[in-house]
Structure formats: C-alpha cells, structure tokens
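Counting convention: from 1, in listed order, for ligands and their atoms alike.
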Amino acid sequence: MKTYLVTGGCGFIGSNFIHYMFRTYGETIRIVNVDALTYAGNPENLKDVENSPNYRFVRADICDKEAIRRVFAEEDVDVVVHFAAESHVDRSIVQPELFVQTNVLGTANMLNCAREQWNDGDGTFREGRRFVHVSTDEVYGSLPEDPDAYFYETTPYAPHSPYSASKAGSDMLVRSYMDTYRFPANITNCSNNYGPYQFPEKLIPLMINNALNGRSLPVYGDGRNVRDWLYVEDHCRAIDLVIHKAELFETYNVGGHNEKQNIEIVKTIIEVLREELPETDPRREKIGEDLITYVEDRKGHDRRYAIAPDKIHRDLGWEPKTMFREGIRKTIRWYFENMDWMERVTSGDYMKYYDAMYGGRKEI
Ligand code: NAD
Ligand code: DAU
C-alpha cells in the first residue's frame, strides 16, 4: 500500500486532492495529512474521510523539525504532496514575513526531513520515493496583454508579490535539492483554481458570498487583469499524473487555456447565481451588476497570467475536462448546498479580516 504524506490537506486544493485520491484509489492507499490548521485550514473539509483507517490527521506546523521528523519516522512515506503554504496575495502584502516563514522555511524543513528519512545511506534514494512540490504560475511574474504571450516551464522567474516571491524561493530550494542531491522531486506550477471548499478571501467565493448577502462586489482597479482559471479537480488529476507518470526532476505548468478578465468572472457569477436561484428566492432580484464596485487596486497587481500547458499535455496526456461555465455552475451549486459551511467560515475572525482589507479601500 502506497503512503502519501499530504501537507496542507485541510485547505482548498489539499482537501479536494485527498477526496480525489480516495475516490480514485479507494483503500489501496494511505494518506497522512499534516496541517497546522491556520485560518485557511478546516478539518470539516475532510469530515467524510476522518474515520477511515486509511487516513490519519496530524496537526503540525511544517516548520516544526521535530514534529515532521516524527511523522517520517512513524510512517513509511512513499510520496509527499506538498500543498501547505500561506496562499493569499493580499495577506502577503500585509504580513510578508509570515509568507517567508511558512513557504520558504517550511518547505526547507519538509525537504530536509524527507531527505534525511529517504536517504539510503550511500547518497541514493529508494525507488518510488517522490516529493511533489505544488507551486504557482505567479512565480513567472506578469505577462503583457499580448494574447500570444504565455508562461512556459523555461520562462525566467520574476515574482512581484511577497507571496509569489516566497513561492519562487521554495521552488528554487526544490530545484537545488534535485540538482545537488538528486533528490527525487517534481514541481508543478498551476494557474488560478476554483471549486468547492475555497475560502472566501479569493475572488470567486468572495463574490458568490457577497452577492448572496447583498454586499457590494469589490473589483480591484479597472477589472481587466487576466487570470487563467482551472477547476480544482483538473488540477488534482494533473498532480496524480505527475505522481504516477512523470519522470523525476521534471517541472510542469498546469493551466486551462481559460483566460478571463476579472470583470468577466464577476459578471458570469452574477448571471449564474440568478439562473440557479429559484424565482421565489428574495435574494435573486437583489443580485445584479449594480452591486459591482470598482475599488483601489491591489499593490503591485500582476496584469495577466496565462499558462502554456503543452508539456504536461504532450508528456502525460493531461488536459482540463471541465469547461468554465460548467465549473462555475458546479461551484455555485456546491456553495448553495453548503451554506452552513460558508456561514461557519465567515463567522468569527472573517469579518474582521474583511473590514481590515476592504473597509479602508477607496472606491474609484
Ligand atoms: P489554502 O490557503 O486554501 O490552504 C493552505 C493550507 O495549508 C491550509 O490548510 C493551512 O492550514 C495549511 N498551512 C498553512 N501554513 C501551514 C504551516 N505552517 N504548517 C502546516 N500547514 C499549514 O491554499 P490552497 O489555495 O489550497 O493552495 C495550496 C497550495 O497550492 C499552495 O502551496 C499554493 O501556493 C498552491 N497553489 C494554489 C493555487 C490557487 O489558485 N489556490 C494555484 C496554484 C498553486
Ligand atoms: O495564479 C495562481 C494563484 O492564484 C495562486 O498561486 C494563489 O494562491 C491564489 O490565491 C491565486 O492568486 P490571485 O491573486 O490571482 O487570486 P485572487 O482570487 O486573490 O484574485 C484573482 C484576481 O481578482 C486578481 O486579479 C485580484 C482580483 N480581485 C481579488 C479579490 C479577492 C478583485 O478584483 N477583488 C477581490 O476582492
């Protein structure tokens, strides 16, 4: 039985990945989920697997050397899938050091502990061991509006935010371990994900939640920044293919050729919410484009991201399966069916965060 050590499994992509892996491989795998349960980590996301004998949750910080060493000593880990990170650009602008701590030093600790445990003593690593480092397209910086410009695996790194700089730092550490120790790893650089369990600080769930609550929809700057959106399950399938089919030491860009301006996304959410809400629902009439409010731009806001997914398509046969309109509908239905989840994650500190992030933002 293969044992996976997943870090950050209580977050958005990590929890989707754990569901995906159990759906795909059932009881033939074991998953150990290491998560510190920051504001972004929610064990409720994994309620349906928490009692499975093939699943173990360990609450630990990836920066904690003793705790991570212990997990490696207790479990015969075959594959690490490293998601744990501080992931929100706006928060990184307010608290950059935390991003360096978790994303750079935390990754260094994960790499060290894996290397220590997996090393066969003669500098080699036993066959089948693999460390998959889940990273972002933001490390490549910002593209011009030219529709023919894309991020390739060979594009030089040029991060702009403390978040993307810290992820770039973590990628460089993984590269250095591969080059120096022949440490068995892969890196994936993925574009913007959306889908179930995404915390409503990110564009899509924030807009869904605000619209349902009759709050304004804060669009940064001119709303024309472009992101390349991918349904989270397609990302999970890409990681699964990397684990099972990729050559070690390779890096893969993952993206859906689905570039959209932010304002298009917000208008689509409004349309689909109106289509999905019953006519009798009093919220339906209140949801419209008049809720859109242009606000002060994000500092250092990257203009455009667009992934060229040619390599993962060619080498591993991956391509996205979920079209955007279908993915947004599925996502909105998930939030409708899980309104209690949304209420719980937006109670407590969330409104404090919201007021601090948006309260002082000027309308433009
Ligand atoms: P998220 O913020 O939803 O979840 C992060 C998880 O990591 C949470 O469960 C949190 O509790 C945990 N965590 C944070 N600090 C930790 C620490 N010190 N020790 C242990 N656990 C810790 O993030 P996400 O959106 O699911 O992103 C997961 C990974 O994928 C990140 O590495 C991110 O950079 C990358 N990524 C995200 C996207 C996206 O669109 N969301 C796209 C490409 C890549
Ligand atoms: O590209 C991959 C990255 O995508 C991941 O590495 C990050 O972890 C993830 O958070 C995401 O980063 P973005 O900054 O692109 O995502 P976010 O949802 O925060 O913002 C998407 C776009 O929407 C961006 O141009 C900023 C804009 N935006 C965002 C929010 C939260 C708004 O206009 N208003 C908002 O309130």
Side-chain angles (χ1 to χ4, degrees), residues 6-17 33-43 45-46 58-64 67-68 81-93 98-99 101-103 105-107 109-110 133-140 142 151 159 161 163-164 166-167 170-171 188-195 197-207 210 216-230 232 235 239 253-255 260-263 265-266 292-298 301-307 354 357-358 361:
V6 172
T7 68
C10 294
F12 163 49
I13 307 176
S15 59
N16 275 283
F17 179 75
N33 171 17
V34 172
D35 196 301
L37 299 184
T38 68
Y39 79 92
N42 184 354
N45 298 356
L46 292 163
V58 178
R59 184 172 187 173
D61 189 325
I62 53 165
C63 302
D64 181 340
I68 301 300
V81 189
H82 179 38
F83 294 99
E86 287 294 335
S87 69
H88 191 37
V89 174
D90 290 330
R91 290 186 192 253
S92 82
I93 295 167
L98 175 61
F99 283 66
Q101 174 72 26
T102 296
N103 299 358
L105 299 180
T107 300
N109 189 43
M110 287 303 304
H133 177 61
V134 180
S135 192
T136 169
D137 59 357
E138 298 200 13
V139 296
Y140 299 120
S142 184
F151 294 139
S161 71
Y163 163 69
S164 52
S166 66
K167 289 296 289 188
S170 67
D171 291 14
T188 58
N189 295 93
C190 189
S191 64
N192 286 62
N193 285 214
Y194 68 100
Y197 301 107
Q198 190 168 28
F199 191 76
E201 62 187 352
K202 307 283 164 56
L203 180 73
I204 289 179
L206 185 141
M207 294 296 166
N210 276 18
S216 66
L217 307 179
V219 173
Y220 297 166
D222 65 3
R224 294 195 180 171
N225 298 66
V226 171
R227 298 292 183 266
D228 181 356
W229 294 94
L230 183 70
V232 62
H235 185 187
I239 295 170
N253 280 357
V254 187
K260 306 239 178 269
Q261 292 185 343
N262 295 335
I263 191 64
I265 299 286
V266 175
I292 295 174
T293 313
Y294 289 91
V295 297
E296 208 177 315
D297 210 351
R298 173 183 278 175
H301 198 174
D302 287 335
R303 192 62 177 170
R304 174 170 169 258
Y305 303 145
I307 282 278
Y354 193 87
M357 192 58 76
Y358 294 89
R361 233 174 177 121

Considering [options], which one's heavy-atom position lies nearest to [atom]?
atom	options	result
atom 10 (O) of ligand 2	E201, K202, R361	K202
atom 20 (O) of ligand 2	R298, M207, Q261	R298
atom 15 (O) of ligand 2	H301, R91, R227	R227

* Asked: To which protein heavy atom is atom 12 (O) of ligand 2 closest, and what is the distance rounded to 0.1 Å?
  ->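 Protein heavy atom with the smallest distance to atom 12 (O) of ligand 2: E138 OE2, 2.7 Å.
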* Considering only heavy atoms, which protein residues lie less than 4.0 Å from any atom of ligand 1? ->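 Answer by chain and number: G8, C10, G11, F12, I13, D35, A36, L37, T38, A40, G41, A60, D61, I62, F83, A84, A85, S87, T102, V134, S135, T136, Y163, K167, C190, S191, N192, N193.
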* To do: Check salt bridge (charged side-chain N to carboxylate O under 4.0 Å, His left out) between R298 and all other residues, then give those that pass, not counting sequence neighbours.
  =>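 Testing R298 for salt bridge (charged side-chain N to carboxylate O under 4.0 Å, His left out), a comparison that skips the adjacent residues, returns D90.
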* Could you tell me which residues satisfy salt bridge (charged side-chain N to carboxylate O under 4.0 Å, His left out) with D297, sequence neighbours excluded, listed by chain and number? =>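 Expected list: none.
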* Modelled atom types, side-chain donor and acceptor of N210 and Y354, under 3.5 Å ->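 Note: N210 and Y354 side chains meet the donor-acceptor criterion.
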* Asked: Between the side chains of N193 and N16, does any donor sit under 3.5 Å from an acceptor?
  ->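 Distance-only check fails for N193 and N16.
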* Can you see which heavy atom on D35 is nearest to which on G9, and at what distance? =>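 Result for this residue pair: OD2-N, 3.4 Å.
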* Partners of N192 by side-chain contact (heavy atoms from CB on, under 4.5 Å), sequence neighbours excluded? ->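 With sequence neighbours excluded, N192 shows a side-chain contact (heavy atoms from CB on, under 4.5 Å) to R227, W229, Y305, given in chain and number order.
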* Asked: Can you tell if the side chain of I263 reaches within under 4.5 Å of the side chain of I292, non-hydrogen atoms only?
  ->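 Heavy-atom side-chain distance check passes, below 4.5 Å.
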* Is D171 close to N189 at the side-chain level, that is, under 4.5 Å between some pair of heavy atoms? ->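 The answer is yes; the side chains approach within 4.5 Å.
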* Asked: Would one find more than 12 heavy atoms of other residues, nucleotides or ligands at under 6.0 Å from atom CZ of R303?
  ->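 Correct, the count exceeds 12.
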* To do: Between S191 and ligand 2, find which residue part has any heavy-atom pair under 4.0 Å and reply side chain, backbone, both or neither.
  =>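 The part of S191 near ligand 2 is the backbone, not the side chain.
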* For T136 and ligand 2, does the shortest N/O to N/O distance drop below 3.5 Å? ->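 Yes; the residue has a nitrogen or oxygen that sits under 3.5 Å from a nitrogen or oxygen of the ligand.
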